Amino acid sequence: MNDLESLADRWPADERAARAVQDELRGRVVLDEPGPRPGTGLVTGVDVAYDDTRDLVAAAAVVLDAATLDVVEESTAVGRISFPYVPGLLAFREIPTVVAALAGLAAGPGLVVCDGYGLAHPRRFGLASHLGVLTGLPTIGVAKNPFTFAYEEPDAPRGSTAPLLDGEEEVGRALRTRDGVKPVFVSVGHRTSLDTACAWTLNLTPKYRQPETTRRADALCRRALAEAQEGAPRT
DNA sequence: GCGACAG
DNA sequence: ATCTTGTCGC
């Protein structure tokens, strides 16, 4: 277990140090496990909302029953912004508060679904992989944008896919979750396969483009941020 | 050097 | 991410 204070203490102070952390930790990503069976057990969505002007960040973790998509448990955490947004270094901005929210859960989270990328990353160590290595949990990343990667448009029906490419390398998959709607971009985080990650994403999108996990976590962290702003009106 | 760039 | 109204469509 990583206690939160040591996590904060070791947090990189600048971009160079952050990239060094990624280079050091990426070797710990586990890629030879298939991952939790899609649609079974628990699945947890995590997301973060910011108020840069007040230096506030709120994270949420929402646990769903994978079979019914009913909410089983919710947890939030509020903190100070620990890093600026830098493409490729998103994890350093989101992870401390996300880890705090996960730590507040009574139940084991099961699979963790992140709003962003895992292996699909300039150094193959995006948010989902980083969170997985720090917590030991199986993780996947489901992003709304292709970032710097290339892809061909998947066919129109829900479930269609196309490789997400960094040059010749497939780093993830563009996955259509709704007929005729812009795809989402799925990548492996930690301890899951890409097929598993895509199957989970389809299970989590019976009605909307975005996974139910992400939608629930997004709504909850916004609420938590709003409440934190009421509690700390001035800056 | 310039532009692009998860959230 | 966040700032923001109405509007088109199932």
Side-chain angles (χ1 to χ4, degrees), chain A residues 11 15 18-19 21-22 26 29 45-61 76-99 101 112-133 139-151 156-158 164-167 169-175 177-190 194 197 201 205-211 213-226 228-229 235:
Chain A
W11 222 234
E15 297 184 22
R19 288 191 196 89
V21 169
Q22 293 180 329
R26 68 179 161 192
V29 178
V46 292
D47 196 16
V48 176
Y50 301 95
D51 181 345
D52 288 270
T53 66
R54 289 176 188 175
D55 188 34
L56 279 177
V57 51
T76 61
V78 176
R80 297 293 183 186
I81 295 177
S82 56
F83 211 84
Y85 172 66
V86 179
L89 301 179
L90 178 64
F92 297 96
R93 184 168 167 80
E94 307 222 323
I95 278 186
T97 321
V98 166
V99 169
V112 177
V113 180
C114 297
D115 190 8
Y117 280 116
L119 254 44
H121 178 273
R123 288 168 294 283
R124 302 293 178 268
F125 197 67
L127 168 64
S129 298
H130 200 147
L131 182 65
V133 165
T139 62
I140 68 172
V142 182
K144 298 181 288 297
N145 300 294
F147 198 12
T148 62
F149 306 108
Y151 70 101
R158 158 178 158 87
L164 186 65
L165 300 171
D166 186 354
E169 184 180 352
E170 180 180 34
V171 294
R173 215 167 269 165
L175 171 64
T177 56
R178 304 298 301 157
D179 290 354
V181 173
K182 173 180 175 170
V184 297
F185 303 89
V186 180
S187 59
V188 165
H190 183 59
L194 185 52
T201 302
T205 50
K207 190 168 168 53
Y208 299 101
R209 172 182 178 243
Q210 288 263 101
T213 39
T214 300
R215 300 184 67 253
R216 291 325 236 281
D218 178 75
L220 182 56
C221 70
R222 289 185 196 227
R223 257 183 284 147
L225 181 63
Q229 291 168 329
T235 290

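Heavy-atom basis, side chains included; hydrogens, waters and symmetry copies ignored. Labels below follow one simple rule: chain letters A, B, ... track the order of the sequence lines, proteins then strands, and each chain is numbered from 1. Treat the numbers as computed from the prediction; the structure is a model and nothing was measured.
Considering every non-hydrogen atom in both Ala60(A) and Ala217(A), the closest pair reads CB-O, 3.5 Å.
Leu164(A) comes within 4.0 angstrom of nothing in the nucleic acid, heavy atoms only. Nucleic acid contact class of Gly141(A) (heavy atoms, under 4.0 Å, all strands): none. The residue Ala49(A) sits close only to the backbone: its heavy atoms come under 4.0 Å of sugar-phosphate atoms, none of a base.
Side-chain proximity of Thr148(A) to the nucleotides dT2(C), dG7(B), dC5(B) is greatest for dC5(B). Taking the side chain of Tyr117(A) as heavy atoms from C-beta on, and the options dT2(C), dA6(B), dG7(B), the nearest nucleotide is dA6(B). For Pro87(A), whose side chain is taken as the heavy atoms from C-beta onward, the closest listed nucleotide among dC5(B), dA1(C), dG7(B) is dC5(B). For Phe147(A), taking side-chain heavy atoms from C-beta onward, the closest of the listed nucleotides dT2(C), dG7(B), dC5(B) is dC5(B). Considering only side-chain atoms of Arg222(A), the nucleotide from dG7(B), dA1(C), dC5(B) that sits closest is dA1(C).
In this structure, the ring-ring contact (aromatic ring centres under 6.0 Å, His included) partners of Phe185(A), at least two apart in sequence or on a different chain, are Tyr151(A). Judged as a side chain to side chain donor-acceptor pair (under 3.5 Å), and not counting sequence neighbours, the contacts of Tyr50(A) are Glu94(A).
When atom types are taken as modelled, the side chain of Arg178(A) and the backbone of Arg158(A) share no donor-acceptor pair closer than 3.5 angstrom. When atom types are taken as modelled, the side chain of Ser187(A) and the backbone of Val171(A) share no donor-acceptor pair closer than 3.5 angstrom.
In this structure, Leu225(A) places its CG atom 13 Å from P of dA1(C), rounding to the nearest Å. Rounded to whole Å, the distance from CZ on Arg19(A) to P on dA6(B) is 15 Å. The CG-C1' distance, from Leu56(A) to dG7(B), rounds to 17 Å in whole Å. The distance from atom NZ of Lys144(A) to atom C1' of dC5(B) is 14 Å, rounded to the nearest whole Å. What separates CD1 of Ile81(A) from P of dG7(B) is a distance of 17 Å, to the nearest Å. Look at CD on Gln22(A): it is 12 Å from C1' on dA6(B), rounded to the nearest Å. A straight line from CG of Asp51(A) to P of dG7(B) spans 20 Å, rounded to a whole angstrom. A straight line from NE2 of His121(A) to C1' of dC5(B) spans 11 Å, rounded to a whole angstrom.
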- Item | Pairing annotation in dot-bracket form, given for DNA chain B with Watson-Crick or G-U pairs under 3.5 Å and | for cross-strand partners | .......
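Between Asp47(A) and Arg215(A) no salt bridge is recorded (no basic side-chain N to carboxylate O distance below 4.0 Å).
In this structure, Tyr85(A) does not count as stacked on the base of dA1(C) under the 5.5 Å centre distance and 30° plane angle limits.
Ring pair Phe149(A)/Tyr117(A) is perpendicular by interplanar angle, where above 60° counts as perpendicular and below 30° as parallel.
In this structure the side chain of Gln22(A) reaches within 4.5 angstrom of the side chain of His121(A), judged on heavy atoms.
Contact check, Asn145(A) against dC5(B): no side-chain N or O comes under 4.0 Å of OP1 or OP2.
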